[in-house]
Every structure is written in structure tokens, then in C-alpha cells.
Amino acid sequence: MAVELLSLVEHALRVAKQALGSHAGKPESGGLPRETHIVAHCVRKEEGHSYGELVDRLSLMPDVCERLDLRPDAMPDPTAFYHSFDRYAMYIWRALLRVSAQQLRHSGHAALDSTFFEREQASQHYRQRNGRSVKTIKATTLTDTESLAVLDVHCCINREHDTKAGPRVVRRNADDLRSVAADNGFQDWHTEYEIAAHDIEYLVQHRGSQPLAVANNALIREKGYGQRWMSETSYSTTKRTQDSGLRSRFWYRQFREIVLLFALNNIKKLAKTL
């Protein structure tokens with residue numbers, strides 16, 4: 001998804017200000033505006049830069065610096081951006097994802113699915129030396145089937161089952177949904193009952209070849225179950241067009257990277273449509 005960097009910065013800046021709300025602007029202690037840090041992290045993930053390369057890159061773009069309230073001849077130290085990724089809690093990145101999705105067209109029909117991100121780009125020897133046996137992080141997402149906007153994401157390391165993670169994501173967005181399509185990994189009666197309690201039509205394949213399962217699967221295909229594959233399209237776009245590798249060392253930073261990746265993909269869709 002080709003988007004001009006300056007256009008991406010302008011849209012990301014507007015979305016970041018809305019996500020921060022009354023906290024947007026410079027902190028009382030001084031320094032850069034909070035939204036500048038968020039947009040800088042968007043640029044970093046879009047271009048695949050390290051923090052040092054990010055500062056060098058921004059110093060060569062006076063138009064971008066002007067919009068981000070930066071001085072090309074007095075750029076902040078790369079550690080300022082590194083520490084801001086720690087300082088901004090997960091709810092801020094979730095707010096960025098939510099606001100970016102709200103500005104795209106919603107159909108009320110969503111696809112529920114999971115994907116995996118490589119946790120380490122380093123060698124196997126490095127992982128063993130640091131006692132890291134988990135190589136991937138699982139992300140369960142809710143994707144609008146019309147705009148392909150990722151509405152919400154749930155991350156976990158311990159391989160939480162789909163029937164546990166799925167209802168959590170749906171519950172947080174129940175007011176905006178009319179139907180949810182998912183594969184049979186998300187199917188059990190607890191999940192179906194919980195989602196139905198929110199007055200949401202749950203389009204999920206039943207396992208087996210019993211007549212009841214066959215009839216149910218034929219019925220939900222008529223209701224638009226085939227749109228479930230839109231979530232796979234969203235994953236493919238996100239991973240192909242951005243730096244999808246998780247380069248942070250700590251799990252909580254990696255969770256934030258995943259949310260940032262999907263928020264950035266939403267912002268790029270927004271920049272393409274306006």
C-alpha cells in the first residue's frame with residue numbers, strides 16, 4: 001500500500017492527537033509534544049528503521065520536521081524515542097488503533113481470526129542464551145469485512161485458545177457489530193452463547209459431518225461467511241507493506257509493536273481514501 005510519507009505523517013498526527021485527547025501537546029516538564037513521539041514510531045515501523053536511523057532520516061526531511069515541531073539542526077537523542085515507547089502505556093496504543101479504525105467505513109460485519117508474529121529476529125543461539133523459548137506471539141483480531149480496518153487486537157504468548165481470546169475481542173466491540181464470522185477454531189457452545197447474548201449473529205463453522213453441522217454450515221455460507229477471509233487479506237497487507245518483525249526485546253513492548261502495526265495499516269488506508 002504505497003502512501004507518501006508526508007501524507008502518512010499528517011494523517012498519523014491528526015489521529016494521534018485525537019487518541020491522546022486532552023493529553024495531546026507538550027508535557028509540563030517540557031520536551032517534544034506527545035503526538036510527535038507517536039508519529040515518529042509510525043515512521044519507524046513504516047520505514048523499518050532503528051531508533052538511530054529514525055533520527056537521521058527525520059533530520060533530512062524539513063517538511064516532516066515542521067509538522068512534528070522538530071528542528072532538523074537540533075534533533076532529540078534516539079533514546080528519547082526509545083524510552084517514549086515504554087512511557088506510553090498500552091491503552092494509548094489501543095486508543096490509536098480504535099480512533100484510526102473509527103475513521104474508516106464500518107459495515108457492522110467483522111471477521112474474527114488469529115495470526116502469528118515472529119518474536120525474535122536474532123539467532124537460535126541468542127534465544128537460548130537469553131532463555132527465550134517462545135518464538136512467536138499470537139494476535140487475535142477483529143477485522144471489518146468491508147474496509148479491512150482492524151477494529152481490535154488481543155495479544156498473548158501462552159497460546160491462549162481461540163475460544164478464550166475470541167469472546168474478549170468481540171465483547172469490547174459488541175455495540176458496533178451486527179455479525180461476526182469465524183472458523184471452527186472459535187466454535188464451542190460457551191462462545192456462541194456469550195456472543196449471542198450481545199445480539200450479534202455468530203457465523204461459525206461447526207465441526208463434523210452430522211446433518212445438523214452440515215445444515216448449519218450451508219446456512220452461514222449463505223449469510224456471508226465467505227467474507228471471513230478478509231482478515232487474511234488484512235494480515236497479508238500489514239506484513240508485506242510494513243516492517244512486521246518484532247524488534248523489541250521485552251514482551252510488553254512487542255505487544256505494543258503489534259498494536260502499532262495494525263493502527264499504522266488503518267492510518268495508511270485512511271490516507272489512501274481521503
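Being a predicted model, the structure only gives us computed values, none of them experimental.
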Identify the heavy atoms of T140 and A165 that sit nearest to each other, and give their distance. OG1-CB, 3.7 Å
Tightest non-hydrogen contact, residues G185 and H161, listed as O-CE1, 3.5 Å
Find the distance between CZ (R168) and OG1 (T191) and round it off to the nearest 0.5 Å. 11.5 Å
Assigning hydrophobic clusters by single linkage (Ile, Leu, Val, Met, Phe, Trp, Tyr; side-chain heavy-atom cutoff under 4.5 Å), is Y91 placed with V259? yes
Run the side chain to side chain donor-acceptor pair (under 3.5 Å) test against D77 and tell me which residues pass, sequence neighbours left out. T79
Are side-chain heavy atoms of E53 and D56 found at a separation under 4.5 Å? no
Could you tell me which residues satisfy salt bridge (charged side-chain N to carboxylate O under 4.0 Å, His left out) with K26, sequence neighbours excluded, listed by chain and number? D69
Taking all atoms of both residues into account, what is the closest heavy-atom pair of S114 and D162, and its distance? OG-OD1, 3.3 Å
Calculate, to the nearest 0.5 Å, the distance between atoms SG and CZ belonging to C155 and F262 respectively. 8.0 Å
Quick one: do R171 and E194 make a salt bridge, cutoff under 4.0 Å? yes
Give a yes or no on whether F116 and W229 share a hydrophobic cluster (residues Ile, Leu, Val, Met, Phe, Trp, Tyr; joining criterion: side-chain heavy atoms under 4.5 Å apart). no
Between F85 and W93, ring centroids under 6.0 Å: yes
Under a single-linkage rule joining Ile, Leu, Val, Met, Phe, Trp and Tyr whose side-chain heavy atoms are separated by less than 4.5 Å, which residues share a cluster with V180? L112, L142, L151, V169, V170, L177, F186, I195, I200, Y202, V204
Taking R67 for the side chain and V9 for the main chain, is one N or O donor matched with an acceptor at less than 3.5 Å? no
Cationic N near anionic O, under 4.0 Å, K138 to E160: no
Is it true that Y82 and Y51 have ring centroids separated by less than 6.0 Å? yes
Quick check for you: to the nearest 0.5 Å, what is the distance between K272 atom NZ and E4 atom CD? 9.5 Å
Heavy atoms only: give me the nearest R228-A182 pair and the separation to one decimal. CD-C, 3.4 Å
So which heavy atom on P62 is nearest to which on P72, and how close? CA-CG, 4.4 Å
Of Q242, H41, K268, which meets side chain to side chain donor-acceptor pair (under 3.5 Å) against E46? K268
I'd like to know whether I38 forms a side-chain contact (heavy atoms from CB on, under 4.5 Å) with L260, so could you lay out the CA-CA distance, the side-chain angles of the two residues, the decisive distance to 0.1 Å, and finally the verdict. CA-CA 9 Å; I38 292 178; L260 175 59; 5.7 Å; no
Between the side chain of D144 and the main-chain N/O of S147, is any donor-acceptor distance below 3.5 Å? yes
Is the side chain of S84 donor-acceptor paired with the backbone N or O of F81 at a distance under 3.5 Å, no angle test? yes
Among Q103, E35, E10, the one residue meeting side-chain contact (heavy atoms from CB on, under 4.5 Å) with V15: Q103
Go through the steps for R57 and E47 under the test salt bridge (charged side-chain N to carboxylate O under 4.0 Å, His left out), then give the verdict. CA-CA 10 Å; R57 172 78 167 167; E47 299 290 315; 3.7 Å; yes
Residues in side chain to side chain donor-acceptor pair (under 3.5 Å) with T143, at least two apart? none
Mind checking whether K17 and V39 have side chains closer than 4.5 Å, heavy atoms only? no
If hydrophobic residues (ILVMFWY) are linked whenever their side-chain heavy atoms come closer than 4.5 Å, directly or via other members, who joins L148 in its cluster? M230
Sequence neighbours excluded and cut-off under 3.5 Å, please list the side-chain donor-acceptor pairs for residues 95-102, or say none.
unit_1	atom_1	unit_2	atom_2	d
S100	OG	L96	O	3.1
S100	OG	L97	O	2.8
S100	OG	N266	ND2	3.3

Kindly compute the distance separating NZ (K45) from CD1 (I258), expressed to the nearest 0.5 Å. 9.5 Å
Would one find more than 12 heavy atoms of other residues, nucleotides or ligands at under 6.0 Å from atom CG of D199? no
Just wondering, do F117 and F255 contact through their side chains at under 4.5 Å, heavy atoms? no
Taking atom CZ of R253 as the centre, report whether more than 12 heavy atoms of other residues, nucleotides or ligands fall under 6.0 Å from it. yes
Separation between CZ of R44 and CG of L58, rounded to the nearest 0.5 Å: 11.5 Å
Do I220 and Y193 belong together in a cluster built from hydrophobic side chains that touch within less than 4.5 Å? no
Intermediate values then yes/no, side-chain contact (heavy atoms from CB on, under 4.5 Å), D183 and Y225: CA-CA 9 Å; D183 62 25; Y225 174 78; 4.0 Å; yes
Separation between CD1 (I137) and OG1 (T115), nearest 0.5 Å, reads 12.0 Å
So, does T36 use its side chain to make a donor-acceptor pair with the main chain of L32 at under 3.5 Å? no
Within the supplied structure, the quantity of interest is the number of heavy atoms (other residues, nucleotides, ligands) at a distance under 6.0 Å from K239 NZ; does it exceed 12? yes
Would you please classify the geometry between the F250 ring and the Y252 ring as parallel, tilted or perpendicular, with 30° and 60° separating the classes? parallel
Quick check: do R94 and D152 have side-chain heavy atoms less than 4.5 Å from each other? yes
Any S234 side-chain heavy atom under 4.5 Å of V150 side chain: yes
Mind listing the closest non-hydrogen atom pair of A80 and H37 along with its distance? O-CE1, 3.7 Å
Are L264 and L8 packed together at the side-chain level, in the sense that at least one heavy-atom pair is separated by less than 4.5 angstrom? yes
Do the side chains of S248 and L246 get nearer than 4.5 Å, heavy atoms only? no
Does any non-hydrogen side-chain atom of H109 lie less than 4.5 Å from one of E146? no
